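What you see is a predicted model; the values in this text were computed from it and never measured.
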Amino acid sequence: MNSAVERLPDGPYDAVWASPGRVNLIGEHTDYNDGFVLPFALPHSTVVGARRLDRPEWTVTSEQTGETVTFGPQDKVDGWASYVAGVVWVLREAGHDVPGAALTVASDVPFGAGLSSSAALECAVMAVLLDLAGIDLPMALRPRLAQRAENEYVGAPTGVMDQSASTLCREGHALFLDCRSLATEQVPFDLAAQGLAVLVVDSRAPHAHVSGEYAARRRSCEEAAKILDVPALRDIDPAGLPAALERLDDEVMRKRVRHVVTEDQRVLDTVEALRAGDARAIGPLMTASHASMRDDYEITVPQVDTVVTAALAAGAHGARMTGGGFGGCVLALVDADRCGEVEAAVRGAFAEAGFTPPDAFVVTPAEGTRKVG
C-alpha cells in the first residue's frame, strides 16, 4: 500500500500535515479514569493538505471515498466529516481565528480497527488549520482541544489518550502519559535491539466508540468513584482494592473497578520494565491485561480472543487487544524471527473458527504530528 503522503492528490496546498494512528501498548480504559496509558505511534498516518479560502467556509474531500463535504461556521456536520468540523468548532470556541480552507484528506490508517483513525484525522486537521492561521499553539495543548471536539461535537466519550499519542509520540519511544496531569515521558521502546517485534493483528471485527457499551462502562466507573468517594478510580491504591470492592454492591461495577485499578498498575510495571531495558518482561503484563479486559471489563469478542490464544500458543511472549474493544486489533510481542510463524498460527485458528481472515503487520514506534509539505 502506498503511504498516505503518496496518496494525497496533487495540490496546490498552502500547508500539508500528517498525524499517525496509534496502538496502545498497555493501559486500556484507564484514560477517562485519570489513569496511566502507554501508547506509541504507528507508521500509518492521515495526511491533510490545505488551501486557504477567502471566506468563512470549509470543504473537505476524502481521497479514499471521493466524497466532498462543505460547511459553514454554524453548520452541524455528521459522519466522518464531523471530526473535521469538530476541530474547526473547537478552535473557534477557544478564540482562535481559523481561516476558511479547502482540505484534502488521505490516510493509510485502517478504519474501524481500533488504531485511532479519528484522532489522526482530528490532529492533522488541527495542525494544518493552525498553520494556515499562523497560530503557534504548543503541541502539549492540542490533545485536550482535539478530545473536546470528539466529545462535545462528534459525541464520542473518549479520553485524551488517542489525541495525545497522535500528537506527541516520538519515533522509537512509547508515550507514558498521566491522563490527569498530562505529564508525559518518552520511554525508549527499541525492540529490534532485543530481537523482538510487535505484530499487530487486525481481527477484522469492527467496533464503534460511539456505541452505548463504551459509554456504559464510563458511567459505571464514574458512579463507582462517587460511591468510593474518590475523584477517579486512579486514586484507589492496588493494596486497598479488596476493601474498595467490598463497598460496592453491584458485581458488574466491582469487575469494572478491578480492571481499571489493576490495569493502571500494569502500566506502571511495564514502564519500569522498559526503563530497565527488559522488553521481554512486559509479555506477561500484556497477557494479564487482555484477561482483565475479557473477564472484568467484558470488551473482547471471539475474534480477538482467538488471536491472543493462537499467538500465545505459537510462542508469543504476550498478547492483548488494543483499543476501545468489541473488535479491532491485537498486539503480540514476539521474537522478531518468528513473526511469520505466529501470523500463520493465527490465520489457521481463524480458518478453523470460520472467521473472516485477519490482516497482520509488524510495527515500529513512529513520529507524531509533523509537517510534510
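Side-chain polar atoms of Thr68 and Thr59 form no donor-acceptor pair below 3.5 angstrom. Counted by atom type alone, Asp190 and Gln194 present zero donor-acceptor pairs between their side chains at under 3.5 Å. Remark: the Glu63 side chain and the Thr104 side chain contain no N/O donor-acceptor pair separated by less than 3.5 Å. For the residue pair Asp305 and Thr300, a side-chain donor N or O sits within less than 3.5 Å of a side-chain acceptor on the partner. A donor-acceptor pair shorter than 3.5 Å can be found between the side chains of His317 and Asp335. Looking only at atom types and distance, the side chain of Glu150 has a donor-acceptor partner in the side chain of Gln163 under 3.5 Å away.
Not a single donor-acceptor pair under 3.5 Å links the side chain of Trp89 to the backbone N or O of Glu152. Within the 3.5 Å criterion, the main-chain N or O of Tyr153 finds a donor-acceptor partner in the side chain of Lys76. Panel note: side chain Thr262, backbone His259; a donor-acceptor pair is recorded below 3.5 Å. In this structure, Asp295 contributes its side chain and Ser292 its backbone to no donor-acceptor pair below 3.5 Å. No side-chain donor-acceptor contact under 3.5 Å links Glu367 to the backbone of Arg170. With hydrogens and angles ignored, the 3.5 Å screen pairs no side-chain donor or acceptor of Asp264 with any backbone N or O of Val261.
Side-chain contact between Ile26 and Ile282: absent, with no pair of heavy atoms (C-beta onward) separated by less than 4.5 Å. Contact of the Leu25 side chain with the Phe189 side chain is registered, since non-hydrogen atoms from C-beta on lie closer than 4.5 Å. Counting only heavy atoms from C-beta outward, the side chains of Arg180 and Phe36 never approach each other to under 4.5 Å. Residues Asn151 and Thr158 have side chains in contact (heavy-atom distance under 4.5 Å, counting atoms from C-beta outward). Put simply, the side chain of Ser19 does not reach to within 4.5 Å of the side chain of Thr46, judged on heavy atoms. Looking only at side-chain heavy atoms (C-beta outward), Val69 and Trp80 come within less than 4.5 Å of each other. Within the 4.5 Å cutoff, the side chain of Cys329 has heavy atoms near those of the Thr322 side chain. With contacts defined as side-chain heavy-atom distances shorter than 4.5 Å, the pair Val105/Leu8 does not qualify.
A salt bridge is defined here as a Lys NZ or Arg NE, NH1 or NH2 lying under 4.0 Å from an Asp or Glu carboxylate O, and Arg22 with Asp162 meets this definition. Taking a cutoff of 4.0 Å between a charged side-chain nitrogen and a carboxylate oxygen, Arg347 and Glu352 do not qualify as a salt bridge. The pair Glu222-Lys226 fails the salt-bridge criterion, with no side-chain N (NZ, NE, NH1 or NH2) lying under 4.0 Å from an Asp/Glu carboxylate O. Taking a cutoff of 4.0 Å between a charged side-chain nitrogen and a carboxylate oxygen, Glu213 and Arg217 qualify as a salt bridge. A salt bridge links Arg258 with Asp296; the closest basic N to acidic carboxylate O contact falls under 4.0 Å. A salt bridge does not link Asp34 to Arg234: none of the charged nitrogens lies less than 4.0 Å from a carboxylate oxygen. Salt-bridge check for Glu251 with Arg256: failed, with every basic side-chain N at 4.0 Å or more from each acidic carboxylate O. Using a cut-off of 4.0 Å between Lys/Arg side-chain N and Asp/Glu carboxylate O, Lys371 and Asp131 are scored as salt-bridged. The pair Glu28-Arg320 meets the salt-bridge criterion, since a charged nitrogen lies less than 4.0 angstrom from a carboxylate oxygen.
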Step by step, would you call Ser164 with Arg144 a side-chain hydrogen bond (donor to acceptor under 3.5 Å, both in side chains)?
CA-CA 8 Å; Ser164 296; Arg144 280 289 191 211; over 6 Å; no
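No more than 12 heavy atoms of other residues, nucleotides or ligands sit less than 6.0 Å from atom CZ of Arg51. Annotation for Asp337: atom CG counts as buried by contact number, over 12 foreign heavy atoms lying within 6.0 Å.
Note: Leu241 CG to Leu228 CG = 9.5 Å, rounded to the nearest 0.5 Å. Note that CG of Asn33 is 4.5 Å distant from CG of Leu233, once rounded to the nearest 0.5 Å. Separation of atoms CG (Leu38) and CG (Leu177) is listed at 9.5 Å; rounding is to 0.5 Å.
Note: the hydrophobic cluster containing Val301 also contains Phe350 (ILVMFWY, side chain heavy atoms under 4.5 Å, direct or indirect links). Clustering ILVMFWY residues whenever any of their side-chain heavy atoms sit less than 4.5 angstrom apart, transitively, puts Val60 in a cluster other than the one holding Val16. Note: the hydrophobic cluster containing Met253 also contains Met293 (ILVMFWY, side chain heavy atoms under 4.5 Å, direct or indirect links). A continuous path of Ile, Leu, Val, Met, Phe, Trp and Tyr side chains, each step under 4.5 Å between heavy atoms, connects Phe40 with Leu285, placing both in one hydrophobic cluster. Using a 4.5 Å cut-off between side-chain heavy atoms of Ile, Leu, Val, Met, Phe, Trp and Tyr, with links allowed through other members, Val47 and Val128 fall into different hydrophobic clusters.
The heavy-atom pair separating Pro20 from Ala41 by the smallest distance is CG-CB, 3.6 Å. Between Tyr297 and Cys221, the shortest heavy-atom contact is OH-SG, 3.1 Å. Shortest non-hydrogen contact noted between Val267 and Gly27 is CG2-CA, 3.4 Å.
Checked against the 6.0 Å centroid threshold, Tyr214 and Tyr32 count as a close aromatic pair.
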